[in-house]
Structures are given as structure tokens and as C-alpha cells.
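Just so you know, these numbers come straight off a predicted model, no measurement behind them. Order of the sequence lines sets the chain letters (A, B, ...), proteins ahead of strands, with each chain counted from 1.
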Protein chains: 2
Amino acid sequence: MDRKQLIIEAATKSFSLFGYKATTMDQVAKLANVGKGTIYTFFKNKEELFDEIISTLIKEMKSAAESSFDPSLSFHENVHRALFKILEFRRKHQLTIKLYEEGKEMGTPAVMDVMEKMETAILNYIKEKVVSAIETGQIKKCDPELTAFVMLKLYIALIFDWEKKHEPLDKEEIAELFEQYIFKGLSN
Amino acid sequence: MDRKQLIIEAATKSFSLFGYKATTMDQVAKLANVGKGTIYTFFKNKEELFDEIISTLIKEMKSAAESSFDPSLSFHENVHRALFKILEFRRKHQLTIKLYEEGKEMGTPAVMDVMEKMETAILNYIKEKVVSAIETGQIKKCDPELTAFVMLKLYIALIFDWEKKHEPLDKEEIAELFEQYIFKGLSN
DNA sequence: GATTGACTATTTTGTTCATTTAGTCATTTC
DNA sequence: GAAATGACTAAATGAACAAAATAGTCAATC
């Protein structure tokens, strides 16, 4: 039985359910059916355990997005597919939501750090895709970094902020809005 | 001498300097050279005094935006001018900065309420402009509320969030980006 | 009748002390 | 003897209480 994996799974479960701060190492040990000391043979401390989980999450997200990417399709279409994948992914992963909330309303430093890391990873991924879309002439010339930033902010605004005062938007609506605002433009 | 006005001015000064929570009614009374009881002959309580100040601020913001509106220019040029005026206003005004900070890092309920009220006022203003732009056929048919929301979020992201990790964008750059993303679209 | 500031009830803040928790390490287990 | 463990410690957190500050009142004053 892979003890390290057991620990990671237990910690992921607890972080997803209760957040970073409210997860104790005793709890993780108990959940993993492992002595607390064992955790410290694999991870230097709580934050490093957390970091490993997040790094894995980032890798999983990237490969989920990548697997939905089809170079024979248009950039536009690929953004749709990647968006759908990430949206599905997000629903499955309680963890991201929990952490986003904890970062915002408690400002737990370890969580803030990790969210920044995630944001940077996502921005770099989008940026890379934007660069190749410009190269292949699929979209207009634009600043890739700024464009990635705008796309992510729009996404976050639609997913998290809009829900605060309105009915949540479903996958199709979000994809449609992206198309309307970012790709086609409002001008007649 | 208009005692009510003196109170409002003193309170505005103190809110701007110290924020809502750190402003005491004793302080306001002293600053206004007025007995504390006098404040309560004009305002039911601290929050109502605060509300009156903010309502005035919102009115001032609206008229600042309105004054920058030029019907001979295109819709998107006007939207940009109006939004920029509002955000510039917000930045210049010590009070809004202080309140923005207090809302974000202390979450003072009265401040949060008021910030929401401000955001709603801005959103309604944009929405109204979007509605008439759709009617006059200047932009495509779209959900005015969602469009106002997206525009405001994009502006805030470009003006406040982008600066956290990059060189600030100037007025012209922001205007161009807004046109590029929202109005023209990225598609070729 | 308007104004006031001493007064009160409530909230906020500071402090102490008990509990919880991250991380260690001597002991146990296989 | 290497890996695993959980009782242990130092540090962080939070509960409980006391003290201070503050919003709002109201009888006295102008």
C-alpha cells in the first residue's frame, strides 16, 4: 500500500471539504490511516504537502485542457472546448472552489500563494495558445499576455462574480458570451 | 451657518482620512464644532449620515460621467469616456480609495453595503447607455445587464488588477483594448 | 425650540489562560 | 535496521473575561 499516495488522497479530500486552514495534520493522518510522523517522512511540512497537491492539480488541468485541444480545429473552437473541459473539471474539483473562497474571505497566506501560482500557470497556458493563434493568423495581432489576462478575468467574473447577484450561467451560456464579447465583438 | 452642511463636511473629511469604522461621532461633532446631539437631529444614526454622503458622491459621479458624454461621438467612444471619468473620479477621491481599502481588508458591513450601492449605480448607468445603443443599432443585440457587468469587470481588471503585476496602462491603451476586445472582437 | 454634553447601554478592544495544532523524536514494529 | 508511530513540546489559536471606547439618548441649558 502506497502510504504517500494515501496521505495525498486524504489531504486532498480534507482540503476540498474544509479548506486549508481547517484541515489538521492529525485529521489527515487519521483519514490516511497513518501515523502523523509518517506524513513528515514524505513532506517537510503542511505547506509542502499542499504544494504537491496543487502542482498535481495544475498538471491535471493542463492535460485536461490539452487533451481537448485539436490543432485541426480553429482557435475559437478550441477555446470553447478547453473552456468546457475546465468548467467540467472545476465542478468535479471542489478543491479549487474551496480554496478560492478561503483565499478571498480569510486571506490565508499559503492559499494566496498557491492561487497565484495557479493563476500564473493558467495565464501562461492561455498565452501560449494565443501566440500560436496569432502566428497562424487565426486571430488579430494582440498582446498575448494582456489577452490571456482579459480572458481569464472575464472567465472568473462570469463564473464567480456574476453568481453573487444572479442565476449562475451554464456552460453553453458562458461559451456563447465568450464568443460574443471576445471574438465577434459588439460592433455592428 | 448651516449646521447640517458642517456636519456633512466634517464627516466626509473624517471618513476620507480614517475610514468609516475609525471615524467616531465625537470626532465628527468636534470637527464640525457642534454638539454630538446635534448630529442626531439631522441623521438617525451613523450609517444614515454615511449613506447621505455616499448618495451625494454617486450623484456627483453620475454628473461627471454625463458631462463627458458627447452624443456626436460613437457609442463605444462615449462608453469609454464615461467609464474612465468614473474610475478617475474614484481614484482622485480620497474617500472612495479609503472605502475601497476598508471594504476589502476589513469587510466593514456598512462599507460593503455602500460599495455595492455604488457598483449598482455604475452598472445601471452603463446598462442604460447599452440599451439605447442597441435601440439605435450601434451595437448588436445583447443582454444589457450582462454587457454592463462585463464592461465594468473588464475596466476594473485593466485599471486595478493589471497594475498589480505590470506597468499601468494609460488612457489611450485602455481605450484601444476596450475597443479591441469588446467592440471589434479578436476574430479574423 | 434648538443645542448640548454628561450619561448609559452596547460594541469593541486588550489580556489572560486553556486548548489546539504543527512539527519532533525516542520508541516500537516488522 | 529502516520505516512507522504517537506521545510530546513549542507555538499558534481562540475562548472568556475585563477594560475602554463609542453610538445614541435625554434632561438641562441657552
Give B:K30 one of three labels, base, sugar-phosphate or nothing, depending on what nucleic acid heavy atoms sit under 4.0 Å from its own. nothing
When the ring planes of A:Y20 and A:F15 are compared, do they come out parallel, tilted or perpendicular, using 30° and 60° as the limits? parallel
Rounded to whole Å, CG of B:D26 lies from P of D:dA20 at a distance of 17 Å
With heavy atoms under 4.0 Å as the rule, sort B:T24 into base, sugar-phosphate or nothing. sugar-phosphate
Atom CE of A:M106 and atom P of D:dT13 are separated, to the nearest Å, by 12 Å
Could you give the CG-to-C1' distance, from B:L49 to D:dT22, as a whole number of Å? 15 Å
Relative to B:F75, does B:K129 satisfy both conditions: NZ or CZ under 6.0 angstrom from the six-membered ring centre, and within 45 degrees of the ring's axis? no
Length of the CZ-C1' vector between A:F50 and C:dA22, whole Å: 16 Å
Could you walk me through whether A:E66 and A:K85 satisfy the salt bridge (Lys or Arg N to Asp or Glu O under 4.0 Å) test, starting with their C-alpha distance in whole Å, then the side-chain angles of each, then the deciding distance to 0.1 Å, before giving a yes or no? CA-CA 9 Å; A:E66 202 60 51; A:K85 255 279 148 54; over 6 Å; no
Side-chain (A:Q180) to main-chain (A:E176) donor-acceptor, under 3.5 angstrom: no
Atom CD1 of A:I7 and atom C1' of D:dT5 are separated, to the nearest Å, by 12 Å
Tell me what B:K46 touches on the nucleic acid: a base, only sugar-phosphate, or nothing, going by heavy atoms under 4.0 Å. sugar-phosphate
Check the distance between D:dT22's C1' and B:I39's CD1 and give it to me in whole angstrom. 12 Å
Proximity to the side chain of A:Y40 - top-ranked nucleotide from C:dT4, C:dG23, D:dA4: C:dG23
Under 4.0 Å between a side-chain N or O of A:R3 and OP1 or OP2 of D:dA4? yes
B:K44 NZ - D:dA23 C1' separation (whole Å): 14 Å
State which of C:dT24, D:dG24, C:dT12 makes the closest approach to the side chain of B:K21. C:dT12
Looking at B:T41, I'd like to know whether one of its side-chain N or O atoms comes within less than 4.0 Å of OP1 or OP2 on C:dA2. no
Using whole Å, what does the distance between atom C1' of nucleotide C:dC7 and atom CE of B:M25 come to? 17 Å
Look at atom NZ of B:K30 and say whether more than 12 heavy atoms of other residues, nucleotides or ligands are closer to it than 6.0 Å. no
For A:G37 and B:T23, take the nucleotide of DNA chain D holding the closest heavy atom to each; which residue's nucleotide lies nearer the 5' end? A:G37
